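Fair warning: this is a prediction, and the values are worked out from it, not measured in the lab. Chain naming here is simple, since letters A, B, ... match the order of the sequence lines and numbering starts at 1 in each.
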Amino acid sequence: MDLSKPRGGERRNFIERAIEEDLASADGSMEITTRFPPEPNGFLHLGHAKAICINFGIAATYGGVCNLRFDDTNPSREETRYVEAIKEDIRWLGFDWHERLFFASGYFQQLYDWAEFLINKGKAYVCDLDPDEIRKFRGTFTESGKDSPNRDRGVEENLDLFRRMRAGEFADGTRTLRAKIDMASPHLVLRDPVMYRIMKADHHRTRDEWPIYPMYDWAHGQSDAIEGISHSLCSLEFENHRPLYDWYTENLELESPPRQIEFARLEVTYTLTSKRKLRHLVEEGHVSGWDDPRMPTLKGMRRRGVPPEAICNFCEEVGVAKFRSTIDMVRLENAIRDHLNPRALRRFGVLDPIKVVITNYPEGQQETIEAINNPEDSAAGTRQVTFSRELWIERADFREEAPRKFFRLVPGREVRLRYAYCITCDEVVKDPDSGEVVELRCSYDPQSSGGRTSDGRKVKGIIHWVSAIDSFEAEVRIYDHLFASPRPEEVTEGQDFTTNLNPDSLIVKRARLEAALESASPGERFQFERVGYFTLDEVDSGAAGAVFNRIVALRDSWAKIEKRKK
RNA sequence: UACCCGGUGGUGUAAUAGGCAACACAACUGGUUUUGGUCCAGUCAUUCGAGGUUCGAGUCCUCGCCGGGUAGCCA
């Protein structure tokens, strides 16, 4: 996907259509500017990726820019470390805000001045009600609210009180500045919303400069306006706030106010995109951290080995709409495979090794065999793999009793070892106590070099293998969905969403990998043939040995057949 | 019960000024293949309901039905 490519002839989503209408009616005088406005109180996840792709993508499509603006209006939970982490994640995804890095806290003075402007116009007042009283005065869905006793304070008194709020004269929570709109409005958000609250907290950027902080509604639209945002794209939960968003820009008498357009946030099966719940998983130790490869956080997916391009392609493919949909996780997995298939170098990795001895292959002998690095890309070249008398193959590629359509190794049957020889299983050696198969004694057809039979007989089964001589042992982590349920948030009453966690979301294997993998470096992604895509775990690989993460499995139609039979 | 927003195959997203419901994924068939991968071909919906306007409605109007959101000094 190329986000910078104008989509002239292509289909547009409802946001693009709205923008094109605005562009047309502005008659050349409008420049498209968007913004991605995270609150620095947590790490970015898959849901944010969609917002990032939309905002940066739209800007690129229409030749505009996208600002990165931290919405840091609530110091009680925001930290600089999140600012840095968020910047890193956005860059990793492949987007660049250039010099357009902003903070809502950078506008505190302008916001304050605007507040006085509204007070002077008689459109804002200082209210002495406490939070509980404000709630009671607000009324309900069906009953209108009651005016605050302070609603008709004079301008001078309001100004005086507001300045004293700003000077820090009052205790936290004792007063607010509220917009004077309409306590009888059917839109609850318009019933004299709070603009400022008193909060003597240490702000990550302005420290103790301000004892009052603007509310989201008062800060966001105005920040948009200051930055010249043309289209403020946000998720559906802000739809109810749009009348207020517009009220502020109207009453501030701003020219060319930004237009807010809401879209449905990304929802994916078998996972969650709730900051609060993800935090719970981390804090309760259900995962190893924010970067646990099973987490839908960008840090987690990065460590897992998911290519950022796949995430962007996925976001593009699933589209943008106002319908609250849930995307099937297989779509993400597919996007990952689609991106990796033409790129990832092929290697052999045996996850669950079982020893094979080629009884008619001379002891001590070995040979090197050429293997293709990527059949999808001839430029990727070839590599040498070692063949020897003792090999490892996948336990799943052997059955004592072959089910129907099982093409792999079975006593008395022949399979091809990819790029090497055809072998026949002659004998099964078991552990006398456990009955477990510990070794397969096979014979090879010396005429079948490269897997081609000299007599033209067909050998349908083909399996991967590694030599016992130069393969090495490594830990391989097989990840599955973090949750066993497609909709983890749906729980029977009295239960917690963690009851939906998938107990098998991580399975650790002691694998045997081909020698070429020993030089794997962080960030490289491989396809272990017939198994899946893997990458080196940057955190846990070390002197004690390599650790590989499975990014995603290969499609497995044999598994599908077997599942269907049950 | 007030207000706001939605409803197109199994899942999503489309459908230029109303003009043959398209694309992708999933599923199922089959083909190719030294990865049971990839790739290729085929099958799979009368658009929530009822009226109305119109030569013609997924698109426009009316009335319903169903789903989501909103009563933080969170964002």
Side-chain angles (χ1 to χ4, degrees), chain A residues 9-14 37-39 41 71-74 76-78 104 127 129-132 134-136 138-145 172-178 185-191 193-199 212-213 215-217 219-220 234-243 262 264 269 275 316-328 330-331 333-335 337-338 341-342 346 348 371-372 375-376 405-408 416-420 422 450-452 459-464 527-533 553-562:
Chain A
E10 290 176 42
R11 289 175 178 152
R12 278 141 290 162
N13 61 47
F14 79 104
E39 183 185 11
N41 70 342
D71 222 333
D72 54 351
T73 57
N74 184 355
S76 69
R77 44 189 219 175
E78 294 153 5
C127 178
L129 261 25
D130 67 32
D132 195 43
I134 286 189
R135 185 169 48 77
K136 284 181 181 142
R138 185 150 35 223
T140 67
F141 291 139
T142 50
E143 298 160 36
S144 77
D172 284 15
T174 54
R175 283 178 222 267
T176 55
L177 183 75
R178 300 176 68 181
S185 171
H187 297 278
L188 266 49
V189 76
L190 256 23
R191 317 246 259 229
V194 171
M195 295 166 63
Y196 277 98
R197 72 280 214 187
I198 301 172
M199 190 191 298
I212 56 173
Y213 289 93
M215 298 290 291
Y216 166 84
D217 289 301
H220 201 89
C234 62
S235 49
L236 252 26
E237 69 251 47
F238 295 105
E239 212 160 22
N240 288 316
H241 294 240
R242 179 150 31 96
E262 311 84 10
T269 56
K275 261 188 210 174
E316 179 72 10
E317 281 163 19
V318 301
V320 189
K322 296 196 73 158
F323 181 64
R324 287 171 185 266
S325 57
T326 304
I327 310 298
D328 204 319
V330 301
R331 295 294 293 270
E333 294 168 350
N334 256 308
R337 285 190 282 250
D338 279 350
N341 180 44
R346 308 295 125 119
F348 287 159
I372 294 166
E376 303 294 315
K405 290 191 171 176
F406 184 81
F407 308 137
R408 283 110 98 149
R416 275 188 292 197
L417 295 177
R418 178 148 229 233
Y419 297 126
C422 294
R452 269 170 289 271
V459 179
K460 179 146 177 92
I462 178 159
I463 64 175
H464 59 101
Q527 184 195 102
F528 292 3
E529 288 205 34
R530 304 208 309 129
V531 180
Y533 294 97
L554 242 34
R555 244 197 218 92
D556 188 348
S557 51
W558 165 243
K560 209 182 287 178
I561 292 169
E562 279 217 298

Which base sits across from B/U47 as a Watson-Crick or G-U pair, both distances under 3.5 Å? none
Comparing A/A321 with A/Y533, nearest RNA chain B nucleotide closer to 5' gives the residue A/A321
In whole angstrom, what separates A/K322's NZ from B/C5's P? 7 Å
Indicate whether A/W558 forms a stack on B/G36; treat it as stacked only if centroid distance is below 5.5 angstrom and interplanar angle below 30 degrees. yes
Between A/N334 and A/F407, which has a closest nucleotide on RNA chain B that is more 5'? A/N334
Syn or anti for B/G18, with syn set at within 90° of 0? anti
Using 30° and 60° as the class limits, which term best fits the ring planes of A/F348 and A/H464: parallel, tilted or perpendicular? tilted
Can you tell whether the side chains of A/K136 and A/D132 come within less than 4.0 Å, N to carboxylate O? yes
Partner nucleotide, any strand, of B/U16 [Watson-Crick/G-U, under 3.5 Å]: none
Distance check needed: B/G6 C1' versus A/N13 CG, whole Å only. 16 Å
Under-4.0 Å side-chain N/O to phosphate OP1/OP2 contact, A/S76 with B/C74: no
Both distances under 3.5 Å, Watson-Crick or G-U wobble: report the partner of B/C39, or none. B/G31
Is the ring of A/F323 stacked on the base of B/G6, with centres less than 5.5 Å apart and planes under 30° off? no
Closest listed nucleotide, where the reference is the side chain of A/T73 and the choices are B/G6, B/A75, B/G36: B/A75
Using a cutoff of under 3.5 Å, can you pull out all pairs of nitrogen or oxygen atoms linking the protein to nucleotides 39-45 of chain B, with atom names and distances?
none

Any A/T326 side-chain nitrogen or oxygen under 4.0 Å from OP1 or OP2 of B/U11: no
B/G67 pairs with, by Watson-Crick or G-U criteria that keep both distances under 3.5 Å: B/C5
Write down the protein N/O and nucleotide N/O pairs, taken from nucleotides 59-61 of chain B, whose separation is under 3.5 Å; answer none if there are no such pairs.
none

Determine, for nucleotides 64-73 of chain B in 5'-to-3' order, which nucleotides have protein heavy atoms under 4.0 Å from the base (write B), from only the sugar-phosphate (write S), or from neither (write -). ----SBBBSB
Is there a side-chain polar atom (N or O) of A/K460 under 4.0 Å from OP1 or OP2 of B/U33? no
